[in-house]
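Note that the structure is predicted; figures quoted are calculated from it, not measured.
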Amino acid sequence: DVVHLVDDFAGAVAIINHLVEVGRARITHITGPEYSPAVQQRVLGVGHALDEHGLQLVGDVRYGRWSQRWARQATREVLADAPDLDAIACGSDQIAAAVVETVIASGRKVPDDVAITGYDNWPVFAEETDPPLTTLDMNLEKLGAAAVNDLFAMINGTRVGGGTRHHEGTLVVRGSTDRHVS
């Protein structure tokens with residue numbers, strides 16, 4: 001058996017590295033359900049990257065539903081607990097869209113006061129949020145094409161090997177972390 005997966009660990013590392021590169025050091029993480037393997041890998045990647053930069057997560061990881069309503073509440077709590085944080089890495093663009101809205105409603109500016117990242121590069125959120133979201137594009141088209149190629153090779157009797165094949169995503173930088181980018 002061969003399995004094709006997004007490399008969520010590497011994606012989270014790329015996001016944290018970007019936040020540090022744009023000068024952020026007080027970073028927290030708001031994400032989806034703790035039982036999700038993708039969430040677990042992203043949390044490990046966030047922790048690894050912060051450690052590599054000699055930083056620690058501000059507060060605890062906020063786990064919750066893939067929901068804008070939940071994300072708004074989690075953001076209000078995070079801002080109350082850590083008013084001086086300067087970045088929020090979100091586990092999805094849907095969560096990030098609500099985080100942007102809530103941070104702005106609190107009187108802070110995005111990205112000047114708080115940089116915000118998403119994950120998925122889901123256009124309905126990533127491109128429609130104001131400012132647009134810096135996010136990780138999971139390159140699902142490439143992942144799907146690789147899986148189809150392996151499937152056809154197996155159908156044709158070619159040995160493709162087994163195991164898990166991880167596919168890296170691409171960081172898409174937009175205005176939620178860099179005000180010079182639209």
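Side-chain contact between Val100 and Asp130: absent, with no pair of heavy atoms (C-beta onward) separated by less than 4.5 Å. At a threshold of 4.5 Å between non-hydrogen side-chain atoms, the residues Gln73 and Ser67 do not count as touching.
Residues Val99 and Val22 do not share a hydrophobic cluster, clusters being chains of Ile/Leu/Val/Met/Phe/Trp/Tyr side chains in contact below 4.5 Å. Connection of Val20 to Val114 is established within a shared hydrophobic cluster, with ILVMFWY side chains joined at heavy-atom distances below 4.5 Å, either directly or through further cluster members.
Under the side chain to side chain contact (heavy atoms under 4.5 Å, CB included) criterion, Ala126 pairs with Asp93, Asn121, Leu133, Thr135, Arg174, not counting sequence neighbours. Considering only residues two or more places apart in sequence or on other chains, Thr177 meets the side-chain hydrogen bond (donor to acceptor under 3.5 Å, both in side chains) condition with His18, Thr134. Take Ala10 and apply the side chain to side chain contact (heavy atoms under 4.5 Å, CB included) test, not counting sequence neighbours, and it matches Asp7, Glu168.
The CG atom of Leu57 sits 4.5 Å away from atom OG1 of Thr28, with the distance rounded to the nearest 0.5 Å. Rounding to the nearest 0.5 angstrom, the gap separating the CD atom in Gln68 from the OG atom in Ser92 is 8.5 Å. Expressed to the nearest 0.5 Å, how far CG of Asp51 lies from CD1 of Ile16 amounts to 12.0 Å. Atom CD1 in Ile104 sits 9.0 Å away from atom OG1 in Thr129 (nearest 0.5 Å).
A ring pair (Phe, Tyr, Trp, His ring centres under 6.0 Å) check over residues 79-113, counting only residues at least two apart or in different chains, returns nothing. Within the structure, the side-chain hydrogen bond (donor to acceptor under 3.5 Å, both in side chains) test picks out the following pairs touching residues 103-117 (sequence neighbours left out): Ser106-Arg108, Asp112-Arg179. Pairs of residues two or more places apart, or lying in two chains, that qualify as salt bridge (charged side-chain N to carboxylate O under 4.0 Å, His left out) and include a residue from residues 76-87 are Arg26-Asp84, Arg62-Glu77, Arg62-Asp81. A ring pair (Phe, Tyr, Trp, His ring centres under 6.0 Å) check over residues 54-76, counting only residues at least two apart or in different chains, returns nothing. Applying the ring pair (Phe, Tyr, Trp, His ring centres under 6.0 Å) test to pairs two or more places apart or on separate chains, those with a residue in residues 33-62 are Phe9-His48.
Across all their heavy atoms, Ile95 and Gly32 have their closest contact at CD1-N, 4.0 Å. Pairing each heavy atom of Gly45 with each of Val13, the nearest pair is O-CG2, 3.5 Å. Taking both residues in full, the closest heavy atoms of Val110 and Ile116 are given as CG2-CD1, 3.7 Å, listed atom of the first, atom of the second, then distance. Of all heavy-atom pairs between Gly118 and Ile15, the closest is O-CD1, 3.5 Å. Residues Ala71 and Ala98 come closest through the heavy atom pair CB-CB, 3.8 Å. Asn17 and Ala49 make their closest contact through OD1-CB, 4.1 Å (heavy atoms, listed as atom of the first residue, atom of the second, distance).
Applying the 4.5 Å side-chain rule to ILVMFWY residues, one finds Trp122, Val124 in the same cluster as Phe125.
Judged by distance alone, with hydrogens and angles left aside, the side-chain atoms of Gln40 form a donor-acceptor pair with the main-chain N or O of Glu34 at under 3.5 Å. Side-chain atoms of His29 do not come within 3.5 Å of backbone N or O of Val61 as any donor-acceptor pair.
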